[in-house]
Amino acid sequence: MKDAATANVDREDKFLIIAIEEAYKAVERGDGRPFGAVIARNDEIVASCHNMVVRNTDPSAHAEITAIREACLKLNQIELADCEIYASCEPCPMCLTAIHFSSIKKLVYGAKAEAAIAIGFDNIIADALSNTGFYEKLNLEIKKADGSIAEMAEQVFENTKGKFKK
């Protein structure tokens, strides 16, 4: 029988794997860049989205923003305090702010921003977050995945390199 901590990790891994699959969908469908996000409430997925910047001709249509929009519409509310968000990669400052304003209680992400920077993404994300205390100012539990899930999330960038518009 699994203990509660193991069950929670399995649950987090399950949602992160779906977020990683969404990241691949963004590129495969030509919708945007390789980023995915899942919003869950309890053990149910409320929204599962990917980056839609290209498809929507909208620079704010990041996976996390798209997922927040979809979850708010589905639940008919603007506060998602009883939800968690799972992102394939460390969210940018815009997405972190949207997560904060939506009152999501927990963020779990797969890859560090440096994985995206390594294939040519703008380093403004890492620069904006480094040594600023930004994370500490958010009323949000933040957790970085580790092990094989983190490796899967980081591989998204190498596996899709050159297949999308930046």
Problem set entry | Note: Glu84-Lys143 ion pair, threshold 4.0 Å (strictly below) | no

Problem set entry | Salt bridge Lys25-Glu28, side-chain N to carboxylate O under 4.0 Å |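 Salt bridge flag = no for Glu28 with Lys25.
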
If you take all heavy atoms of [X] and [Y], which pair is closest and at what distance?
| X | Y | value |
| --- | --- | --- |
| Ala153 | Ala111 | CB-N, 3.4 Å |
| Ala61 | Thr66 | O-OG1, 3.4 Å |
| Ala145 | Ala150 | O-CB, 3.5 Å |
| Ser88 | Ala23 | OG-CB, 3.8 Å |

Does [X] share a hydrophobic cluster with [Y], counting links as ILVMFWY side-chain heavy atoms below 4.5 Å and allowing steps through other members?
| X | Y | answer |
| --- | --- | --- |
| Val53 | Val27 | no |
| Phe35 | Ile119 | yes |
| Val54 | Met52 | no |
| Tyr109 | Val46 | yes |

Exercise. Taking the side chain as C-beta and beyond, is there a heavy-atom pair between Leu75 and Arg41 under 4.5 Å?
Worked result: yes

Exercise. Is there a side-chain contact between His50 and Arg29, using heavy atoms and a 4.5 Å cut-off?
Worked result: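 In contact.
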
For this session: Using atom types as modelled and distance alone, determine if a side-chain donor or acceptor of Glu141 lies under 3.5 Å from a backbone N or O of Lys106.
Result: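 Not a single qualifying donor-acceptor pair exists.
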
Quick check for you: to the nearest 0.5 Å, what is the distance between [X] atom [atom1] and [Y] atom [atom2]?
| X | Y | atom1 | atom2 | value |
| --- | --- | --- | --- | --- |
| Asp31 | Asn51 | CG | CG | 8.5 Å |
| Glu114 | Glu90 | CD | CD | 6.5 Å |
| Asn159 | Lys161 | CG | NZ | 11.5 Å |
| His62 | Arg69 | NE2 | CZ | 10.0 Å |
| Ile20 | Cys89 | CD1 | SG | 10.5 Å |

Exercise. Hey, which of Ile39, Asn42, Ile99 is the one that makes side chain to side chain contact (heavy atoms under 4.5 Å, CB included) with Cys83?
Worked result: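 Only one option passes, and that is Ile39.
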
Seminar exercise, completed: The ring pair (Phe, Tyr, Trp, His ring centres under 6.0 Å) partners of Tyr24 (sequence neighbours excluded) come to none

Problem set entry | Verdict with supporting geometry, Glu64 and Ser102, side chain to side chain contact (heavy atoms under 4.5 Å, CB included) | CA-CA 11 Å; Glu64 298 89 342; Ser102 68; over 6 Å; no

For this session: Show the numbers, then the answer: is there a side chain to side chain contact (heavy atoms under 4.5 Å, CB included) between Arg11 and Tyr86?
Result: CA-CA 11 Å; Arg11 178 180 169 281; Tyr86 297 84; 3.1 Å; yes

For this session: For side chain to side chain contact (heavy atoms under 4.5 Å, CB included), just list the numbers for Gln77 and Asp82, CA-CA rounded to whole Å, side-chain angles, deciding distance to a tenth of an Å, and then say yes or no.
Result: CA-CA 11 Å; Gln77 60 191 43; Asp82 57 348; 4.0 Å; yes

For this session: Determine, step by step, whether Leu96 and Leu107 satisfy the side chain to side chain contact (heavy atoms under 4.5 Å, CB included) criterion, reporting the C-alpha distance in whole Å, the side-chain angles of both residues, the deciding distance to 0.1 Å, and the verdict.
Result: CA-CA 9 Å; Leu96 278 171; Leu107 159 66; 3.7 Å; yes

Problem set entry | Fellow cluster residues of Met94, listed by chain then number, with links counted only when side-chain atoms sit under 4.5 Å apart |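 Result for Met94 is Ile65.
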
